[in-house]
Amino acid sequence: MSEDDYDYLFKIVIIGDSSVGKSNLLSRFTNDEFNLESKSTIGVEFATKNIKIGDHVIKAQIWDTSGQERYRAITGAYYRGAFGALLVYDITRPSSFQNIEHWLKELRDHSDEKISLMLVGNKVDLAESRAVSTEEAKEYATDSEMLFFETSALDATNVDAAFKTVFERIY
Ligand code: GTP
Ligand code: MG
């Protein structure tokens, strides 16, 4: 399958606090790569991957920026044209879960109302350090009309499933 052989192109964005694992989720999904010592993202990066949904090939274009204000991309341009968003927190860091409210607000201020949203609790490989329960996060996702997955970019748990589910929902 050639890179340019696709039926639809859909942009999605990844947002969430710094170091929750956004860039590693992206590299795991698009290149099956993980980096234990990754540096904070500066500006915007994006990667693409062709995925098959039903009888069609979707070109998934995934945008990633820093969770740190000083390294972030221009907000309006980042969200423009996005069909979906992954809102990521770290299951070992409750503040990153509480800040999802902030990310949701920014998203709603800058994106289309019909954008498909997914809450992602990353780093489930660190089960012994878990500080946000699955039940609490699931309930929050339901109340805010978001899909929900718990993932690990490190061991690849649910990474494909989370991205594919967002693109299926858009499609
Ligand atoms: P910013 O670009 O600063 O916003 O951070 P980010 O959200 O892109 O985080 P990044 O992917 O750079 O990961 C931050 C740190 O967490 C790195 O040391 C990663 O190796 C680590 N990390 C990412 N995902 C996982 C995971 O699923 N499990 C574990 N144990 N560590 C992870
Ligand atoms: Mg990053």
Side-chain angles (χ1 to χ4, degrees), residues 11-49 51 60-82 84-111 115-138 140-141 144 146-167:
K11 168 183 173 179
I12 69 164
V13 295
I14 314 182
I15 52 177
D17 281 7
S18 185
S19 84
V20 295
K22 299 180 297 296
S23 300
N24 277 282
L25 285 166
L26 178 60
S27 63
R28 174 63 77 195
F29 179 60
T30 56
N31 291 323
D32 204 15
E33 280 173 14
F34 178 80
N35 182 354
L36 250 184
E37 280 144 41
S38 64
K39 299 220 165 58
S40 196
T41 305
I42 296 179
V44 187
E45 292 178 356
F46 75 83
T48 60
K49 179 173 177 162
I51 55 180
Q61 185 186 72
I62 304 153
W63 293 45
D64 174 33
T65 188
S66 179
Q68 289 187 60
E69 200 62 51
R70 62 190 164 135
Y71 292 145
R72 293 197 62 210
I74 303 155
T75 313
Y78 188 68
Y79 289 107
R80 193 163 306 129
L86 258 58
L87 295 97
V88 185
Y89 66 95
D90 171 348
I91 65 146
T92 72
R93 202 147 46 91
S95 62
S96 70
F97 178 65
Q98 282 142 23
N99 279 337
I100 291 291
E101 195 68 41
H102 154 81
W103 292 108
L104 252 184
K105 186 179 180 312
E106 180 175 285
L107 186 71
R108 292 205 163 113
D109 288 347
H110 290 96
S111 66
I115 188 167
S116 143
L117 304 181
M118 173 172 288
L119 181 64
V120 176
N122 189 41
K123 308 198 185 182
V124 284
D125 56 283
L126 302 175
E128 71 286 356
S129 310
R130 177 189 283 275
V132 179
S133 78
T134 305
E135 293 67 33
E136 181 185 5
K138 200 181 273 175
Y140 180 70
S144 309
M146 295 187 275
L147 300 159
F148 174 61
F149 269 93
E150 287 190 336
T151 61
S152 167
L154 184 146
D155 68 16
T157 301
N158 276 343
V159 175
D160 274 23
F163 280 101
K164 284 198 178 131
T165 303
V166 169
F167 285 103

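Note that ligands are numbered from 1 as they come in the structure, with each ligand's atoms numbered from 1 the same way. Keep in mind that this is a model prediction, so the values were computed, not measured.
Contact check for Phe149 versus Thr165: side-chain heavy atoms found under the 4.5 Å cut-off. Contact check for Met146 versus Met118: no side-chain heavy atoms found under the 4.5 Å cut-off. The shortest distance between side-chain heavy atoms of Val120 and Thr151 falls below 4.5 Å. Side-chain contact between Val20 and Asn122: absent, with no pair of heavy atoms (C-beta onward) separated by less than 4.5 Å. Looking at Ile51 and Phe29, their side chains come closer than 4.5 Å, going by heavy atoms from C-beta outward.
For residue Ser38, no N/O/S atom approaches the Mg ion (ligand 2) to within less than 2.8 Å. At a cut-off of 2.8 Å, Thr41 coordinates the Mg ion (ligand 2) through an N, O or S atom.
Pocket lining of ligand 1, defined as residues with a non-hydrogen atom under 4.0 Å away: Asp17, Ser18, Ser19, Val20, Gly21, Lys22, Ser23, Asn24, Phe34, Asn35, Leu36, Ser38, Ser40, Thr41, Ser66, Gly67, Asn122, Lys123, Asp125, Leu126, Ser152, Ala153, Leu154.
Taking the ring centroids of Phe97 and Tyr140, they lie under the 6.0 Å cut-off.
Salt-bridge formation is not detected for the pair Glu150/Lys138: no Lys NZ or Arg NE/NH1/NH2 atom is positioned less than 4.0 Å from an Asp or Glu carboxylate oxygen.
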